[in-house]
Amino acid sequence: MATHRKPKQHPLVGGTARTAATLALAGAATATALEGTGHAAPAPTPAQARAQVTRYYQQAEVATEQYNGVKERSDRARSVLAGLQDEAARKTERLNAARNALGSFAAAQYRDGSMPTSMRLLLSTRPEHFLENASLADRAGQGQAAAISRVRRELLDVQRVRTTAEARLAEIRREESALAAHKRTIEAKLDRARQLLSELPAEEATAIRTGDTGAGVARAADTAKASVASGSEAVGEVARAVSGRAARAVAFAYSALGKPYEWGATGPSSFDCSGLTQAAWQAAGVSLPRTTYTQINAGRRVSRDRLAPGDLVFFYSGISHVGLYVGDGKMIHAPHPGAPVRVAPVDEMPFAGATRPA
């Protein structure tokens, strides 16, 4: 007679499992009770809020410069694609003309028949007349061969251009995907900064947003206001200290004081940091690349103690911010959203290097 035994229970089944479930429910209840009676995290102090917002702005600026670089590549690819499309259209017209010429030869051959020349000579009642026609036919045959060769050549050219255009189009699509990713990063960082500012008293939030807090930034704001009020006098002083293209670049930067920051903007009504420096030197007849990463290599490197008006000054270890040096330890730059183009001390941010475009 078979022995019937009680099945063994898994260690987590039965009493042990019930005990674990009971403890888990108790823990959840305790956590809920604590959440209900706990206190909200203390609001950040203005200094903490300013530091956090600054981090968000800097992170957004890093993404902005990456966005600018990708957009520059995308714009170049689009320009090349437009040229390739025009070239493809011209080559297609030549291909169609070659095909039409070949069609004319084919039609003439059809009308004349395809009997071999030797046979037609033998059957002809007037061999001398046929020989004359045969000479013409040989020349026509040579023309037909040339037409076929031309069609083949034009067809290969069209295929080559179209293949190149397809590669450019694929590149543009990849760049557009990267642009969208950088845009999402920028907007996310700026949204976090706005959310943090919205939790502060209005006066403190405005001060942080415009950068009118902290000793160095306060000096920058005061200098900016004074420079806007007496911009022509400041430009005159710079003109006496420096001449040529650098003076024109500095004059442009002074004319941009007070204009809003907008990521991705190159003027004339708004700027981001590298957009401002690019536009300033463009006004002086010098073409700079679009991003901080490339602008720092667009000229001769200069040490901090050798700075002259018009030099580009770069900040942070990642070279994510740039301003235009205007002398006396000051620069003009586009700081961040909410803070317009203004004069600021060079020492208000971690200095990374400088270059002289002209």
Side-chain angles (χ1 to χ4, degrees), residues 61 210-212 214-262 265-292 295-296 298-316 319-336 339-358:
E61 195 160 47
T210 58
D212 291 338
V217 181
R219 287 197 308 271
D222 292 341
T223 306
K225 293 172 185 175
S227 298
V228 172
S230 57
S232 59
E233 180 181 348
V235 172
E237 291 177 0
V238 172
R240 286 190 291 273
V242 65
S243 60
R245 291 176 172 176
R248 293 197 293 274
V250 171
F252 180 94
Y254 271 103
S255 73
L257 287 173
K259 292 187 177 180
Y261 177 101
E262 180 182 355
T266 58
S269 57
S270 59
F271 301 90
D272 64 18
C273 69
S274 57
L276 174 63
T277 51
Q278 184 188 51
W281 273 101
Q282 182 64 44
V286 177
S287 179
L288 290 182
R290 179 64 182 90
T291 69
T292 54
Q295 286 183 8
I296 195 170
R300 179 168 59 87
R301 292 293 183 92
V302 293
S303 60
R304 185 167 181 169
D305 60 347
R306 299 262 181 192
L307 288 174
D311 290 348
L312 304 181
V313 283
F314 299 87
F315 303 92
Y316 300 106
I319 319 296
S320 60
H321 191 77
V322 62
L324 189 80
Y325 189 71
V326 295
D328 195 26
K330 300 181 181 66
M331 65 176 171
I332 293 177
H333 72 141
H336 54 72
V341 175
R342 65 190 181 199
V343 178
V346 171
D347 62 5
E348 83 169 7
M349 288 178 288
F351 186 82
T355 190
R356 187 165 297 160

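This chain uses plain numbering: 1 for the first residue, then up along the sequence.
Closest heavy-atom contact between A256 and L276: CB-CD1, 3.8 Å. Pairing each heavy atom of F252 with each of A283, the nearest pair is CD1-CB, 3.6 Å. For the pair A298 and P289, the tightest heavy-atom approach, listed with the atom from each and the gap, is CB-CD, 3.7 Å. Here the shortest heavy-atom pairing between P340 and P335 reads O-CD, 3.2 Å. A pairwise comparison of heavy atoms in F271 and A279 identifies CE2-CB, 3.8 Å as the closest pair. Nearest heavy atoms, S269 versus P260: O-CD, 3.3 Å.
Between F315 and H321, the angle of the ring planes lies from 30° to 60°, which puts this pair in the tilted group.
Under the rule for a side chain to side chain donor-acceptor pair (under 3.5 Å), S320 has no partner lying at least two apart in sequence or in another chain. Residues that satisfy the side-chain contact (heavy atoms from CB on, under 4.5 Å) test with S303, not counting sequence neighbours, are D305, R306. Remark: S270 pairs with E262 by the side chain to side chain donor-acceptor pair (under 3.5 Å) rule, at least two apart or across chains. Legend: residues meeting side chain to side chain donor-acceptor pair (under 3.5 Å) with R304, ordered by chain and number and at least two apart, are absent. Residues passing the side-chain contact (heavy atoms from CB on, under 4.5 Å) test with I319 are T292, Y293, I296, F314, A352, sequence neighbours excluded. With sequence neighbours left out, the salt bridge (Lys or Arg N to Asp or Glu O under 4.0 Å) criterion links R356 to D311. Contacts of A354 classified as side-chain contact (heavy atoms from CB on, under 4.5 Å), with partners at least two apart in sequence or in another chain: V302, L307, V313, F351.
In this structure, CG on L312 lies 14.0 Å from NE2 on H333, to the nearest 0.5 angstrom. Taken to the nearest 0.5 Å, the CG atom of L257 stands 11.0 Å off from the CZ atom of R342.
The side chain to side chain donor-acceptor pair (under 3.5 Å) pairs that include a residue from residues 274-285 are E65-S274, S274-R290, T277-Q295, where partners are two or more places apart or lie in different chains. Within the structure, salt bridge (Lys or Arg N to Asp or Glu O under 4.0 Å) pairs that include any residue of residues 273-287 do not occur (at least two apart or interchain).
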Under the criterion side-chain contact (heavy atoms from CB on, under 4.5 Å), I'd like the reasoning laid out for E61 against Y261: C-alpha separation, chi angles, the key distance, then a yes or no.
CA-CA 11 Å; E61 195 160 47; Y261 177 101; 4.0 Å; yes
